[in-house]
Amino acid sequence: MALFPDSVLEAFENVALENPEECTANPYIVPAIRAEGTLYALASVVGGRTYRWLLGIGGVAGVVVALFPDRYLEFGAEIAYENPEAVDWNDDFVTAVRVLGVVLVLLALNAARSGGNGTDEVSATQRDEPAEGDA
């Protein structure tokens with residue numbers, strides 16, 4: 001996303017829209033895609049609380065997306081396109097968005113349960129204890 005935002009937008013429109021040729025993205029969408037990709041990359045590299053925070057935000061959004069995919073897409077069209085009334089979402093994409101919302105919720109719950117970055121954090125006392133058989 002950060003490296004090829006134009007290609008990401010084009011691929012998204014080809015999958016999501018019935019009529020991509022009739023829809024004109026707002027001029028700030030490509031920079032917004034680049035910024036979002038950069039944010040994901042940085043949060044992944046930093047890990048820990050930052051990563052858990054990002055997944056938590058994604059989980060909250062996922063609840064909304066899973067429960068109200070049509071409203072979510074309507075809101076997205078208002079933000080992303082100069083002519084939101086012309087946006088015609090692909091019916092299969094609406095279903096895919098609902099599934100994506102559920103996936104976001106599951107990822108957020110898993111991150112909250114596991115500590116956020118997929119690794120078990122070892123406490124300072126556990127690091128300082130000698131391993132079994134050490135003298």
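In what follows, residues are counted from 1 in the order of the sequence shown.
Remark: the backbone N or O of Val87 is not paired with any side-chain donor or acceptor of Asn19 at under 3.5 angstrom. Using modelled atom types, no side-chain atom of Thr50 and backbone atom of Val46 make a donor-acceptor pair closer than 3.5 Å. For Arg34 (side chain) and Pro5 (main-chain N/O), no donor-acceptor pair under 3.5 Å exists by modelled atom type.
Every side-chain contact (heavy atoms from CB on, under 4.5 Å) that Glu10 has, sequence neighbours left out, goes to Asn14. Residues forming a side-chain contact (heavy atoms from CB on, under 4.5 Å) with Val97 (at least two apart in sequence, or on another chain): Val65, Pro69, Tyr72, Leu73, Phe93. Looking at residues two or more places apart in sequence or on another chain, you find a side-chain hydrogen bond (donor to acceptor under 3.5 Å, both in side chains) between Asn26 and Tyr28. By the side-chain contact (heavy atoms from CB on, under 4.5 Å) test, Ala108 is found to be paired with no residue, residues two or more places apart in sequence or in another chain being considered. In this structure, Glu74 has no side-chain hydrogen bond (donor to acceptor under 3.5 Å, both in side chains) partners at least two apart in sequence or on a different chain.
Hydrophobic cluster membership differs between Leu104 and Val102, with clusters built from Ile, Leu, Val, Met, Phe, Trp and Tyr side chains linked at under 4.5 angstrom. Under the 4.5 Å side-chain contact rule for hydrophobic residues, Leu55 and Leu109 do not share a cluster. Placement of Val94 and Leu100 in two distinct hydrophobic clusters is found when ILVMFWY residues are connected by side-chain heavy-atom separations under 4.5 Å, directly or transitively. Put simply, Tyr40 and Val8 are part of the same group of oily side chains (I, L, V, M, F, W, Y) that touch within less than 4.5 Å, one to the next. When hydrophobic clusters are built by joining Ile, Leu, Val, Met, Phe, Trp and Tyr residues whose side-chain heavy atoms come closer than 4.5 Å, directly or via intermediates, Ile79 is not grouped with Val60.
Screening residues 78-95 for side-chain hydrogen bond (donor to acceptor under 3.5 Å, both in side chains), with sequence neighbours left out, gives Glu13-Tyr81.
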> How far apart are the C-alpha atoms of Ile29 and Ile33, what are their side-chain angles, what is the distance that settles it, and do they pass the side-chain contact (heavy atoms from CB on, under 4.5 Å) test?
Replying inline: CA-CA 6 Å; Ile29 290 303; Ile33 292 169; 3.8 Å; yes
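Remark: Met1 CE to Leu39 CG distance equals 9.5 Å, nearest 0.5 Å.
When all heavy atoms of Ala86 and Cys23 are compared, the pair lying nearest together is O-SG, 4.0 Å. Nearest heavy atom pair, residue Val63 against residue Val105, reads N-CG2, 3.5 Å.
Side-chain contact between Asn110 and Leu106 is absent, with no heavy atoms from C-beta onward closer than 4.5 Å.
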